[in-house]
Undergrad: 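Provided herewith is a single structure, encoded as structure tokens, for subsequent inquiry.
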Amino acid sequence: MSDDPNALLDTWAETSDYRWGFTTDIESETLPPGLDEDVIRKISAIKREPEWMLQFRLDAFAHWKTMPEPDWAHFPDRPWGPLDYQAISYYSAPKTDADRPKSLDEVDPKLLETYEKLGIPLEERAALAGVAVDAVFDSVSVATTFRDTLKEAGVIFCSFSEAVQEYPELVQKYLGSVVPSKDNFFAALNAAVFTDGSFVFVPKGVACPMELSTYFRINAMNTGQFERTLIVCDEGASVSYLEGCTAPQRDENQLHAAVVELIAETDATIKYSTIQNWYPGDEDGKGGIYNFVTKRGLCRGDRSHISWTQVETGSAITWKYPSCVLKGDDSSGEFYSVALTNMRQQADTGTKMVHIGRNTTSNIVSKGISAGHGQNTYRGLVKVRPGATNVRNFTQCDSMLMGSECGAHTFPVIEVENDTAIVEHEATTTRIGEDKIFYLNQRGLTTEEAVSMIVNGFCREVLAELPMEFAVEARKLLEVSLEDSVG
Amino acid sequence: MSLLEIRNLHATVEGVEILKGIDLTIEAGSVHSIMGPNGSGKSTLAKVLAGDEVYEVTEGAVLLDGEDLLEMEADERARSGIFMAFQYPVEIPGVSTKYFLRAAVNAVRSHRGLDPLDAVGFLKMVKERAPMVDLDPTLLDRSVNEGFSGGEKKRAEVFQMAMLEPSMCVLDETDSGLDIDALKVVADGVNALRSPDRGFVVITHYQRLLEYIVPDHVHVLVDGRIARSGGKELAFELEEKGYSWIEQGSACGC
Ligand SMILES: Nc1ncnc2c1ncn2[C@@H]1O[C@H](COP(=O)(O)OP(=O)(O)O)[C@@H](O)[C@H]1O
Ligand SMILES: [Mg+2]
């Protein structure tokens with residue numbers, strides 16, 4: 001993989017048909033608010049979808065209408081529902097360059113300052129700030145071949161819309177096979193109205209030749225509020241995928257209901273990393289994104305492996321449980337999470353590890369940090385089915401509290417139906433500790449530096465799982481997210 | 001001008017007065033030992049000097065190089081040259097000692113107008129100074145103080161002191177929990193750091209340490225006050241007669 005970010009951007013600029021993650025000749029249309037069958041037919045028509053895709057949406061919608069909006073998550077300070085689903089517009093055309101800033105000079109200097117703090121490479125800042133792409137890339141020489149490299153390896157990596165057109169048999173085979181369209185309220189809503197997302201297919205025996213990260217991160221600027229991602233690793237294949245970005249992201253849509261499905265066949269490995277920094281709302285809890293996401297991976301083949309890593313610092317409310325269904329014998333699942341809630345943010349997140357195959361193992365490391373008035377809940381399920389012999393699970397669940405107004409909660413559930421299983425759970429709750437801060441102060445470090453160091457130390461095992469270039473940014477992100485929260 | 005000047009220092013914790021009027025002047029190049037029974041306020045004095053906000057200074061003044069120390073935050077005091085070797089160093093999980101110490105060294109260097117050390121320069125300095133306290137360098141790859149033995153923690157404190165090159169060193173019971181060999185090693189490290197422009201306050205409960213770090217002055221702290229001051233012979237006298245000798249002395253007002 002080339003580690004020259006320019007090279008990656010060149011390619012991206014070059015492959016203009018993929019630029020926005022939509023099919024090229026899309027109509028620029030925005031549907032008025034409201035949701036009924038007609039709206040779904042329109043979305044499907046705009047995207048020129050085949051009949052089976054429309055049917056998938058309609059089935060999901062029919063079921064969604066019968067489902068109550070869930071309210072079981074632990075959000076003590078900030079009730080969020082019920083939402084008015086008729087007030088949302090379910091399709092808007094991607095922004096054209098005419099609507100965008102022409103250069104960095106037109107971008108809010110505060111935003112640029114944050115990019116600087118986070119250490120985002122210079123070349124990427126303009127794209128992240130939404131500057132019209134031709135203005136950004138005109139000056140960049142067209143050189144390398146990001147997409148070609150993937151193509152050569154036989155890896156398919158494209159927008160979901162494109163996949164529906166180009167690889168219908170693959171999409172049809174795997175879509176909804178891990179997160180059925182009726183799985184839960186928000187997954188059903190997503191299945192009915194999703195506009196785009198990403199599709200990855202790594203064929204038999206292929207190790208994806210590059211991290212699918214930087215490329216995606218710029219591309220991700222234009223993914224909508226109902227994203228859908230499907231990643232399939234065929235036998236013996238492997239891929240590492242990163243979604244999101246440390247740069248603060250704003251969106252006028254409050255509700256985000258994404259679905260991510262991962263499928264690992266025999267001996268396949270999928271590593272999925274997330275950095276989530278959506279707008280968290282203000283100090284008083286006004287505004288901010290509701291991030292209600294369904295993420296699930298299926299270790300379908302023997303010895304397959306799926307690993308989730310997430311750093312969640314944004315959104316007003318984060319509600320998600322990236323999970324693994326360990327079906328293949330000797331398959332393994334991992335979940336590494338940092339969730340930080342500051343101001344009035346609330347997070348109810350964790351994972352489910354469902355052990356079905358024999359000798360399956362799972363490892364859970366969750367680090368919750370609460371500051372300000374933030375509320376942070378870990379909710380986890382480790383389930384061992386009767387046929388799953390010799391299962392091993394280890395869960396480490398640590399909470400750190402900063403200040404006295406915030407809260408940390410844990411709801412671990414363990415259901416074991418096979419007595420050969422060894423399931424271990426360890427949990428700790430600590431205050432950030434004046435004594436630790438004082439010790440670092442006494443060695444000349446400011447309180448901000450001290451807090452950042454302590455928090456990063458607390459999260460070390462999780463950050464170590466991120467692709468290298470993002471680990472550095474994630475560290476800074478934690479620091480920036482906690483600025484002003486100690487005094 | 002004296003290196004450190006403490007005048008009529010009073011301090012409380014949770015409303016209870018612990019330090020009840022301390023006067024102490026430390027010249028550069030000198031070593032002062034503070035002895036005293038448990039609970040007399042030795043650690044409190046050290047932490048008040050270092051700027052621990054748990055303690056409230058209610059009266060008095062402290063000057064470092066003529067500057068008002070009490071006006072400064074703990075981190076500023078550290079950068080200005082105060083170093084305290086903790087009686088109970090805290091553990092900081094997940095933060096490598098090397099990473100932490102380089103940040104600390106560079107914070108202090110920046111205050112002194114020096115360029116930051118890069119990784120290579122830092123490691124060179126580590127290699128030079130770790131042997132001073134016979135510190136196993138692999139400890140530096142571990143989290144700060146985490147899982148260190150009692151002796152390793154104390155060595156690490158003195159090693160940090162050697163790295164940070166403070167002007168005013170306060171050692172709080174650096175001898176406690178050390179066997180005689182470790183004690184000698186730590187004492188040798190401290191002695192190697194003695195210099196004409198550096199002052200030391202060596203807090204200890206036992207006279208034993210002072211056989212190896214020979215002080216210029218000895219003060220006995222009893223109930224938040226310096227009950228007696230003298231030369232190094234005072235330490236031996238104490239060893240013979242015990243603290244009750246001084247406590248009684250101070251109780252009768254002589
Ligand atoms: N953080 C604190 N909170 C409450 N009491 C304290 C605190 N620190 C010290 N003290 C009290 O102050 C007195 C002196 O303690 P300390 O300075 O640790 O003594 P020494 O180091 O001489 O043994 C003791 O009575 C101790 O209980
Ligand atoms: Mg003490």
Side-chain angles (χ1 to χ4, degrees), chain A residues 311 336-338 340 365-369 396-403 426-466 468 471-472 474-476 478-479 482 486-487, chain B residues 46-55 72-97 99-112 116 142-146 153 156-157 159-161 163-166 168-170 172:
Chain A
V311 176
Y336 298 95
S337 170
V338 170
L340 182 153
V365 180
S366 162
K367 306 281 180 175
I369 303 155
Q396 176 76 45
C397 181
D398 300 320
S399 307
M400 181 178 270
L401 298 168
M402 303 175 61
E426 279 177 19
T428 64
T429 301
T430 48
R431 300 228 157 246
I432 181 141
E434 298 297 326
D435 56 339
K436 290 192 181 80
I437 295 176
F438 175 60
Y439 186 83
L440 296 178
N441 280 161
Q442 212 303 304
R443 297 304 187 247
L445 303 172
T446 65
T447 296
E448 271 194 2
E449 288 165 339
V451 167
S452 160
M453 206 175 262
I454 295 165
V455 167
N456 277 306
F458 177 71
C459 302
R460 189 184 54 88
E461 293 153 275
V462 176
L463 299 178
E465 291 297 318
L466 286 173
M468 187 77 119
V472 176
R475 227 167 257 142
K476 294 207 178 112
L478 292 175
E479 191 176 310
L482 287 171
V486 277
Chain B
K47 286 193 248 179
V48 166
L49 292 177
D52 189 340
E53 286 174 6
V54 171
Y55 303 91
M72 301 180 207
E73 301 285 342
D75 55 315
E76 251 180 295
R77 297 184 195 193
R79 292 191 295 272
S80 302
I82 287 229
F83 180 95
M84 167 179 162
F86 284 69
Q87 183 174 2
Y88 304 108
V90 296
E91 303 186 353
I92 305 179
V95 177
S96 98
T97 307
Y99 175 79
F100 144 72
L101 193 54
R102 194 171 137 212
V105 165
N106 283 335
V108 168
R109 286 178 68 91
S110 147
H111 182 83
R112 293 175 189 158
R142 308 227 311 249
S143 297
V144 179
N145 295 319
E146 199 178 40
K153 280 184 185 166
E157 291 291 288
F159 169 66
Q160 288 180 32
M161 189 166 92
M163 293 291 288
L164 291 169
E165 304 177 340
M168 183 66 238
C169 307
V170 181
D172 190 4

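Predicted model, so just to flag it, every value in this text is computed and none were measured. Proteins come first, then strands; the chains are lettered A, B, ... in the order of their sequence lines, and each starts at number 1.
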Undergrad: Show, in sequence, the C-alpha distance, side-chain angles and deciding distance for A:Ile437 and B:Glu53, and conclude whether the side chain to side chain contact (heavy atoms under 4.5 Å, CB included) test is met.
TA: CA-CA 11 Å; A:Ile437 295 176; B:Glu53 286 174 6; over 6 Å; no
Undergrad: Heavy atoms only, distances under 4.5 angstrom: which of B:Asn106, B:Val105, B:Asn145 has the most pairs with chain A? Name it, please.
TA: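 That would be B:Asn145.
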Undergrad: What are the two closest non-hydrogen atoms of A:Thr446 and B:Arg79, and how far apart are they?
TA: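 Looks like CG2-NH1, 4.0 Å.
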Undergrad: Using every non-hydrogen atom in the two residues, find where B:Ala78 and A:Gly444 come nearest and quote the distance to one decimal.
TA: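 So the minimum-distance heavy-atom pair works out to CB-N, 3.4 Å.
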Undergrad: For B:Pro89, which atoms come within 4.5 Å of any heavy atom of chain A: side chain, backbone, both, or neither?
TA: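 Contact with chain A is through both the backbone and side chain of B:Pro89.
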Undergrad: Could you tell me whether the side chain of B:Asp75 reaches within less than 4.5 Å of the side chain of A:Leu445, counting heavy atoms only?
TA: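 The answer is no, as the side chains (C-beta and beyond) never meet within the 4.5 Å cut-off.
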Undergrad: How about B:Tyr99: does its OH atom have over 12 heavy atoms from other parts shown lying under 6.0 Å from it?
TA: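 No, OH of B:Tyr99 has 12 or fewer neighbouring heavy atoms, counting only those of other groups under 6.0 Å.
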Undergrad: Side chains of A:Met453 and B:Val144: closer than 4.5 Å at any heavy-atom pair?
TA: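 No; the side chains remain at least 4.5 Å from each other.
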Undergrad: Is any side-chain heavy atom of A:Asn441 closer than 4.5 Å to a side-chain heavy atom of B:Glu73?
TA: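 A side-chain contact under 4.5 Å is absent here.
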Undergrad: Just so I know, are the side chains of A:Lys436 and B:Pro93 near enough to count as touching, which here means a heavy-atom distance under 4.5 Å?
TA: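 Result yes, sub-4.5 Å side-chain heavy-atom pair found.
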Undergrad: Can you tell me how far apart CG (A:Asp435) and NZ (B:Lys47) are? Round to the nearest 0.5 Å.
TA: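 With rounding to 0.5 Å, CG (A:Asp435) is 9.0 Å from NZ (B:Lys47).
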Undergrad: With respect to chain A, which residue among B:Ala104, B:Ser110, B:Ala107 yields the maximal number of heavy-atom pairs within a distance under 4.5 Å?
TA: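 Going by pairs under 4.5 Å, I would pick B:Ala104.
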Undergrad: So what's closer than 4.5 Å to chain A heavy atoms on B:Tyr88: side chain, backbone, both or neither?
TA: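 For B:Tyr88, neither part sits under 4.5 Å from chain A.
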Undergrad: Any ring-ring contact (aromatic ring centres under 6.0 Å, His included) pairs touching residues 431-450 of chain A, not counting sequence neighbours?
TA: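 Those involving residues 431-450 of chain A are A:Phe438-B:Phe86, A:Tyr439-B:Phe86.
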Undergrad: With a 4.5 angstrom heavy-atom cut-off, which part of B:Glu91 approaches chain A: side chain, backbone, both or neither?
TA: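 For B:Glu91, the contact with chain A is made by the backbone alone.
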Undergrad: Report the distance from atom OG of B:Ser96 to atom CZ of A:Arg460, rounding to the nearest 0.5 Å.
TA: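 CZ of A:Arg460 is found 9.0 Å from OG of B:Ser96.
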Undergrad: For B:Ile82, which atoms come within 4.5 Å of any heavy atom of chain A: side chain, backbone, both, or neither?
TA: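 The answer is both parts of B:Ile82.
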Undergrad: How far apart are the C-alpha atoms of B:Val95 and A:Ile454, what are their side-chain angles, what is the distance that settles it, and do they pass the side chain to side chain contact (heavy atoms under 4.5 Å, CB included) test?
TA: CA-CA 7 Å; B:Val95 177; A:Ile454 295 165; 5.8 Å; no
Undergrad: I'd like to know if the side chain of A:Gln442 and the backbone of B:Met84 have a donor-acceptor N/O pair within less than 3.5 Å.
TA: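 Such a contact is found between A:Gln442 side chain and B:Met84 backbone.
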